[in-house]
Amino acid sequence: MKQTPHIKVLPEFVANQIAAGEVVERPASVIKELVENALDAHATSIEVRVEDYGLTSIAVSDNGVGIEKDQIPLALERHATSKISETNDLFNILSFGFRGEALPSIASVSRFSITSKFIHSDDAWTYKGEGGKNFRLEPAPANVGTIIEVKDLFFNTPARLKFLKAKRTEMEHIQDVVVRLALAHSHVSFKLINDGEEALRFGSAQGDLLEDTLPRLSTFMGRDFIANAVPVNLEREDMAIRGFVSLPTYNLSTSRRQYMYINNRPVKDKLLLGALKNAYHDLLHTGRHPACVLFIDLPANAVDVNVHPAKSEVRFKDGRDVFGMIRTAVRNVLNEHSQEVSTTPAQEALSRFKVGTLPNQQIKFTDAPEPQKPSITFAIEDDATPLPTAQHTTTDFAPAPMPAAMSVRESSASFSLPPERYEDERAAQTSRESFTENPMGAAIAQLHGTYIVAEAENGLIVVDQHAAHERLVYERFKKQILTGNVARQALLIPEIVEMSESDTERLMNRSDELLQFGLEIEQFGKTAISVRATPALLGEVNAKQLLQDIIEDVRNLKNATTVQEMIEEMLSTMACHGSIRANRKLSIDDMNAILRDMECTPNSAQCNHGRPTFIQLHKNDIERLFGRR
Ligand code: ADP
Ligand code: MG
C-alpha cells in the first residue's frame, strides 16, 4: 500500500538553509549582508577581515548602535527584523535590511558568532552556534558596536562549496561588494583585510557626496577613469541622477565597472543598465562597455526593492520614466562633451615614446669626415625588438644611413617642391595663420595617406581621416533621416547584384526601410536585385559591395532588434561606404574642411565603433618629451 504523503512544517534550521541558498551564494554575499547591517546600525567605521578569501573566516566589525542583550537571540530568528513592522513600511524602505533573513540564513551554513554591545548598555554579549543550532549566550568584552564572525562557510552544505570559483575570483567579488557600498557612503570609513593584508582602505569624508566619492573612485577605478569621466547631474521633479560616466573613447571589455545606486542602495538592475547602454548606443562598438557611477534618487514609494532576495534588482512604479531620465541625463552630457577625446590614448602614445640613442653614437667612424653629433631620437618601445644600440658599441663600421623618417629637415629653402606641392604649402601657410585658433587647428600635412596632422593652439592633433569622415557622414546621414530628407542619386544604369534566393527575399522584405535610407532596390528575377538609386550623401559608391554589407546587417538582425538599432546599424554600414578610405591623398583644403566639419559635428571624437577619431598631444607633453618641462 502506498503511503499518503504527510505535509510537515520544516524544522527552522532546514528552512533557514533553504533561504540561505538564495541569500548566501558565496563569501561576498555574506559580506554584503553584514556590511549592510552595519550601515543600517549607523556605523561610521566598518572593518571586514577575511581569511583565505572568506572561506575559513569572515569577520565584520562596526561601531554602530549595537544590539541589546535580549534582542541578540531574536536577531537570529527567521523574519526577525528591527527595521519594519507593518506591511505599509515595505513600500517606504530606506534601510538596507527588512526581510530579517540574512543572519539566520548565514548562521545555518556556518559556525557563527555575534558579539554586540548596545549603545546604552554597560556590557557586551556573545551568541554563538554551529549550523544554525546549539546557540548559547555568554558575556564577552567588547566596545560599543557589533562583531559578526562567520567561520567555515558551507561546512555543512558541501555541495555549495563546489560552486565557488577560484579564490581570486571570490576575492574580486568581495572587493566589488565593499567598493559598491563604500562609494555610496563616503562618511563611513572602510577597511578590507585578507589574511592580515590590507586589500582596501577608505577614510571617511564629510561633505558633498559626489566630491567625497572622487578620492574613492580614483583609488578604485584608477586616475584614468577620473581623467576620462564627465559629471552627470540632472534633477527633475522628485527624481535626481548624479554621478560620473566615462567618455565613449574610454571603454572596457566588461560591464563590471558600472556602479548604479537607487536611493544609495547598490543595484544591478537590467532596466538601469539598459538605459546606460542605450545612452551610448551608437558611440560604442558591441562588446565594449562604459564605466560609471550613478546615484539615482527616487521617492521611496516609487520603487519596490522587495523583488530579489539579495535586493540587487528592483521594480519601478514607472520604469519608462526612470529609463528615459537616465538615458537623457547621460546622453546629454555625452553630447556636451562629444568633441572631447579620452586622454588615455595620448598618454599611452606618450609613454611609448622614449629617449633613445642613435645606433652610431658610440661607434668609431672609419672615413666619415665628421662624426655626427649625438642627438635624440624617439624609438617606439616594442618588447619584441630590442634597440640595436647596445650591441654595436665596439664594432668598427660606417654610420648607417638614417632612415628617411628620422632625418631632420634643416631648412625648407633647400627643397624644391613640385608645383602642386608648392600650392599646398602655400595653402598650409595661410590656413595655419587662420585656423590655429580653432579647436581642431590647421592642417599641416598628411601622414601615410591616412592621418591628418594639424597644429592647434595648444598642441598637435592627429586625425584618422577614415574614422573621422565616417563619423561625419554618419551624423549628417542621421540628421537627414530624422528630418525625412534623404536625397537619392539615381544610377544611370541600374546595377544588378546577384545573390541567393533567400538573401533576395530578405532584402526585398526590407526594401521600404531601405528606401528611407535612400537606397532604392527592385527585385530582378529570383536571385538578383537591381539597385536603382543610392543615398546621395555617400557620393559614388560600389553598389554591389554596399548591398552585400547590408545583407550581412539584415541577416544579423535579431527578432529583438529595435527599429532604432536597425537604423543605426545600417547607417553605420552605409557611412562606412561613403567615407574617405585610408590611403587617399588629401589636399590641405580637403583636410581643413574635415577639421572644420569635425568642430561642428556632434560625437565627432569617436567613430561609430567607439574608436577615437583623433588624438591630441598637448604642447606641455611635447615639451615634456624634450625635457623642457
Ligand atoms: P534585516 O537586516 O533584514 O533586518 P538581518 O537578518 O540582516 O535582517 O538582521 C536581523 C536584525 O539584527 C536586524 O534587523 C537588526 O536589528 C539586527 N542587526 C543585525 N546586524 C546588526 C548590526 N551590525 N548592528 C546592529 N544590529 C544588527
Ligand atoms: Mg540585513
Side-chain angles (χ1 to χ4, degrees), residues 12-13 15-25 28-49 58-87 89-110 112-121 124-129 132 135 137 140 142-150 177-178 180-181 185 188-191 263-267 304-312 314:
E12 172 137 323
F13 80 93
N16 282 335
Q17 282 189 1
I18 293 171
E22 291 189 310
V23 184
V24 192
E25 200 186 341
S29 31
V30 171
I31 292 171
K32 172 176 182 286
E33 295 295 335
L34 300 183
V35 172
E36 286 183 352
N37 280 347
L39 289 168
D40 280 345
H42 307 289
T44 56
S45 170
I46 298 174
E47 185 183 291
V48 181
R49 202 173 262 278
I58 296 169
V60 175
S61 23
D62 68 61
N63 64 350
V65 295
I67 313 174
E68 268 182 286
K69 177 191 172 191
D70 53 343
Q71 302 273 307
I72 296 178
L74 270 183
L76 267 291
E77 257 167 51
R78 220 163 133 66
H79 303 308
T81 175
S82 57
K83 298 165 194 173
I84 59 167
S85 51
E86 294 179 38
T87 329
D89 293 349
L90 257 184
F91 300 98
N92 264 306
I93 293 168
L94 290 170
S95 61
F96 281 110
F98 58 84
R99 293 167 79 113
E101 267 181 345
L103 294 192
S105 303
I106 296 167
S108 74
V109 290
S110 67
F112 184 94
S113 84
I114 173 168
T115 303
S116 196
K117 182 174 178 182
F118 184 55
I119 187 166
H120 300 304
S121 166
W125 294 85
T126 290
Y127 190 60
K128 60 168 129 180
F135 276 98
L137 190 67
N143 296 326
V144 170
T146 305
I147 305 169
I148 291 182
E149 279 187 87
V150 178
V177 156
V178 176
R180 268 178 206 273
L181 288 164
H185 296 87
V188 180
S189 67
F190 286 84
K191 225 193 264 180
N263 297 341
N264 258 17
R265 174 196 297 279
V267 289
D304 183 359
V305 289
N306 190 24
V307 291
H308 187 267
K311 297 163 242 133
S312 58
V314 291

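Counting starts at 1 for both ligands and their atoms, following the listed order. Each residue takes its place number in the sequence, starting with 1. Just so you know, these numbers use all the heavy atoms, side chains as well, and skip hydrogens, waters and symmetry mates.
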Chemist: Given 3.5 Å as the limit, does a donor-acceptor pair link the side chain of Ser116 with the main chain of Lys69, or not?
Modeler: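 No, Ser116 side chain to Lys69 backbone: no donor-acceptor pair under 3.5 Å.
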Chemist: Looking only at atom types and distance, does a side-chain atom of Asp62 sit under 3.5 Å from a main-chain N or O of Gly64, one as donor and one as acceptor?
Modeler: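 Indeed, once roles are kept as given, a pair shorter than 3.5 Å links the two residues.
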Chemist: Side chain, backbone, both or neither: which applies to Ala102 and ligand 1 if a contact is any heavy-atom pair less than 4.0 Å apart?
Modeler: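 The part of Ala102 near ligand 1 is both the backbone and the side chain.
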Chemist: Is a side-chain donor or acceptor of Ser29 paired with a backbone partner of Glu25 at a separation under 3.5 angstrom?
Modeler: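 Flag set: sc Ser29 to bb Glu25 pair under 3.5 Å.
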Chemist: As an exercise, identify every atom of ligand 1 less than 4.0 angstrom from a heavy atom of Ala75.
Modeler: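 Here the atoms of ligand 1 in question are 10 (C), 12 (O).
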Chemist: Using heavy atoms and a threshold below 4.0 Å, how should the contact between Ile114 and ligand 1 be classified: side chain, backbone, both, or neither?
Modeler: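 Ile114 to ligand 1: no contact under 4.0 Å from either part.
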Chemist: Tell me whether Leu103 has any N or O atom under 3.5 angstrom from an N or O of ligand 1.
Modeler: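 Yes: some nitrogen or oxygen of Leu103 is under 3.5 Å from one in ligand 1.
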Chemist: Closest by any non-hydrogen atom to atom 20 (N) of ligand 1: pick that one out of Val65, Asn37, Val35.
Modeler: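 Among Val65, Asn37, Val35, the closest heavy atom to atom 20 (N) of ligand 1 belongs to Asn37.
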Chemist: Quick one: does Glu33 get within less than 4.0 Å of ligand 1, heavy atoms only?
Modeler: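 No.
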Chemist: Atom 27 (C) of ligand 1: which of Asp40, Ile67, Leu39 has the nearest heavy atom?
Modeler: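 Checking each option, the heavy atom nearest atom 27 (C) of ligand 1 is found in Ile67.
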Chemist: Relative to the ring of Phe135, is the ring of Phe112 parallel (under 30°), tilted (30 to 60°) or perpendicular (over 60°)?
Modeler: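 Judged by the thresholds at 30° and 60°, the geometry between Phe112 and Phe135 is perpendicular.
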Chemist: Would you name the heavy atoms of Ser45 and Asn63 that are closest together and state the gap between them?
Modeler: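 Scanning both residues completely, I find the closest heavy atoms to be N-OD1, 3.0 Å.
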Chemist: So which atom in Gly66 and which in Phe118 form the shortest heavy-atom distance, rounded to 0.1 Å?
Modeler: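 So the minimum-distance heavy-atom pair works out to O-CD1, 3.6 Å.
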Chemist: Using a 4.0 Å cut-off to any heavy atom of Ala41, which atoms of ligand 1 qualify?
Modeler: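 Matching atoms, with element in brackets: 24 (N), 25 (C).
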